[in-house]
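Reading through the structure tokens given below for one structure.
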Protein chains: 2
Amino acid sequence: MALKLEPIRNEPAYRIVAREIGDRIIRGEIAVGEALPSEMALAEQLKVNRSTVREAIRVVEQNGLVRRRDGGKKLYVTAPRSADLAKGVQAAMILQEVTFRELWEVLQAVEPLAAEASARNATQEQIDKLADNFERTRYALDNRHNLTELDIEFHHLVAEASGNRALQLSLAPISQLFYPAFYKVFARLNAGDRLLFAHQKIIEAIKTKDEREARAWMERHIADFKRGYELANLDMETVVGPARSEP
Amino acid sequence: MALKLEPIRNEPAYRIVAREIGDRIIRGEIAVGEALPSEMALAEQLKVNRSTVREAIRVVEQNGLVRRRDGGKKLYVTAPRSADLAKGVQAAMILQEVTFRELWEVLQAVEPLAAEASARNATQEQIDKLADNFERTRYALDNRHNLTELDIEFHHLVAEASGNRALQLSLAPISQLFYPAFYKVFARLNAGDRLLFAHQKIIEAIKTKDEREARAWMERHIADFKRGYELANLDMETVVGPARSEP
DNA sequence: CGCGATCCATTGTCGGACAGTAGTGGAATT
DNA sequence: AATTCCACTACTGTCCGACAATGGATCGCG
């Protein structure tokens, strides 16, 4: 009578090595800013081939735990930034065929928090950046340039000014998927003025540290996106992402 | 007079290959569920060595765009699930030394939305799972078992029942970091009953499709965590993650 | 048609090789 | 002595070839 054998999950070495390196970083054994040992050194320590180490490093690198400085050769340990992770989350949302309504619902919940926290925590430098973004947005609007980039930047700056990094990490991928779609709305309505006005009100509230006002204006601002969608006869149930090729 | 030369960013081939594969998947040229060509085939198509392809595959694999089925050999294209991405986001939060307060603020904004949407959208099957989770939680509480896993599961189930995948993707990493810390609170107060009661009320509201009630109870439930922290004399400004080793 | 034995393709890992270059340290210059 | 220059080293990125293990397909058998 053979006893029930657990299917031996022969985990590939590169994944074990990757976890090992990742864990050491998480546990702080290799401090942020420090350089990773060379591939050869790692291979010798862990008794595996350099190729295996390299595959493991790709994994760790992709997680943003480690990166090359400027054009450097060595890999340095680093705390992943929202930009590192946003791409992956976006890919997930695209392949899961998430709709704009789903993104909007989350934004409606989180952006007001970002605005409120920014009113509480924004530094002068962050306020200056917001003011600068506002000027450039006004200029772009006057000259009928594309506002998409600037709008994304605005919301990113607000998230940054909130001082809440969990919020930044959550918001970044959603923003980058959602706001580009606004150009469609912008193209059909002439809603640029409304957008600019809302930005202005939000920035003012952040400047004067009026949390309630900042939240309220951001709520209206996000709600406006939905109204814009409806007025422009666009469907919020459209899935995000590029046109998929269907065979 | 040498003209200003752009520093030639000689991007390594494995990264180009990884982007190429990833882009094809995102664009739907390789459909979800389909198998990836063999390493050899990819190497020939892209005119690079198999080693290079393998390093690229590690990157794509880590993004959750591709995975092995059961113990299979081939890689199948797949939509990344929240579990794939949560680990990376968690690592980012730990290394950025995010505090429990930051996580809590986001939860306070997003969990009520999850509960509300669940009251609107939960299927019978999802409701059954919630009911089952409730029973197991009650049992664990009676027997003084650890509630952490069950609490995480509860919130995960609510997020799932919301039908909003953007919300799930945002919530998963935060939940998995935050709720384990609750065992500390639970250990000092005897707050298990309060937790169970809140879960019960939330599940009831979801069953009866009472969106307002579901939101309200979830708001109280999340607020309770903060109260618990304060009552237990724990500091919400503590950073998340395992004890870091400091040299 | 179902079932097991057999074969093949593919993955995981290893070893070695080599070009290009970032980083190092020492030599030459001011 | 400080600085600039240069040669050298070590390391990364890429390629090649090889082999064990095994999942998946094929074939033959009942």
request  = Taking only the side-chain nitrogens and oxygens of B:Asn49, find out if one of them lies under 4.0 Å from OP1 or OP2 of D:dC16.
outcome  = yes

inquiry  = Tell me which residues in residues 52-62 of chain B lie within less than 4.0 Å of DNA chain C, going by non-hydrogen atoms.
reply    = B:Arg54, B:Arg58

Distance-only donor-acceptor test, B:Lys73 side-chain atoms vs D:dT22 base atoms, 3.5 Å = yes

B:Ser51 backbone acceptor or donor facing B:Asn49 side chain under 3.5 Å = yes

inquiry  = What is the distance, to the nearest angstrom, from the CD atom on B:Glu39 to the P atom on D:dC16?
reply    = 15 Å

query = Side chains of A:Ile25 and A:Val60: closer than 4.5 Å at any heavy-atom pair?
reply = yes

task = Would you please classify the geometry between the B:Phe178 ring and the B:Phe225 ring as parallel, tilted or perpendicular, with 30° and 60° separating the classes?
result = perpendicular

query = To the nearest angstrom, how far is A:Tyr76 atom OH from C:dA22 atom P?
reply = 13 Å

Beyond-backbone contact of A:Glu237 with A:Arg101, side-chain heavy atoms, under 4.5 angstrom = yes

inquiry  = Both A:Gly72 and A:Tyr14 contact DNA chain C. Which one's nearest nucleotide lies toward the 5' end?
reply    = A:Tyr14

note = Separation of C:dA17 atom P from A:Met40 atom CE, nearest Å, is 11 Å

Positive for salt bridge (Lys or Arg N to Asp or Glu O under 4.0 Å) with B:Arg50, one of B:Glu44, B:Glu55, B:Glu39 = B:Glu39

key: Distance-only donor-acceptor test, A:Arg50 side-chain atoms vs D:dG13 base atoms, 3.5 Å   = yes

inquiry  = More than 12 heavy atoms of other residues, nucleotides or ligands under 6.0 Å from CZ of A:Arg120: yes or no?
reply    = yes

task = Mind checking the CG-CD spacing from B:Asp132 to B:Glu153? Nearest 0.5 Å is all I need.
result = 7.5 Å

inquiry  = Let's see if you can work this out: which of C:dT13, D:dC15, D:dC11 has an atom nearest to the side-chain heavy atoms of A:Ser38?
reply    = D:dC11

ask   = B:Arg69 CZ to D:dG24 P: how many Å, rounded?
value = 10 Å

request  = Between A:Lys47 and A:Lys74, just flag the one whose closest nucleotide in DNA chain C comes earlier from the 5' side.
outcome  = A:Lys47

inquiry  = Using a 4.0 Å heavy-atom cut-off, does B:Arg68 contact any base of the nucleic acid, only the sugar-phosphate backbone, or nothing at all?
reply    = sugar-phosphate

request  = Measure the distance from CD on A:Glu44 to P on C:dC14 and round it to the nearest whole Å.
outcome  = 13 Å

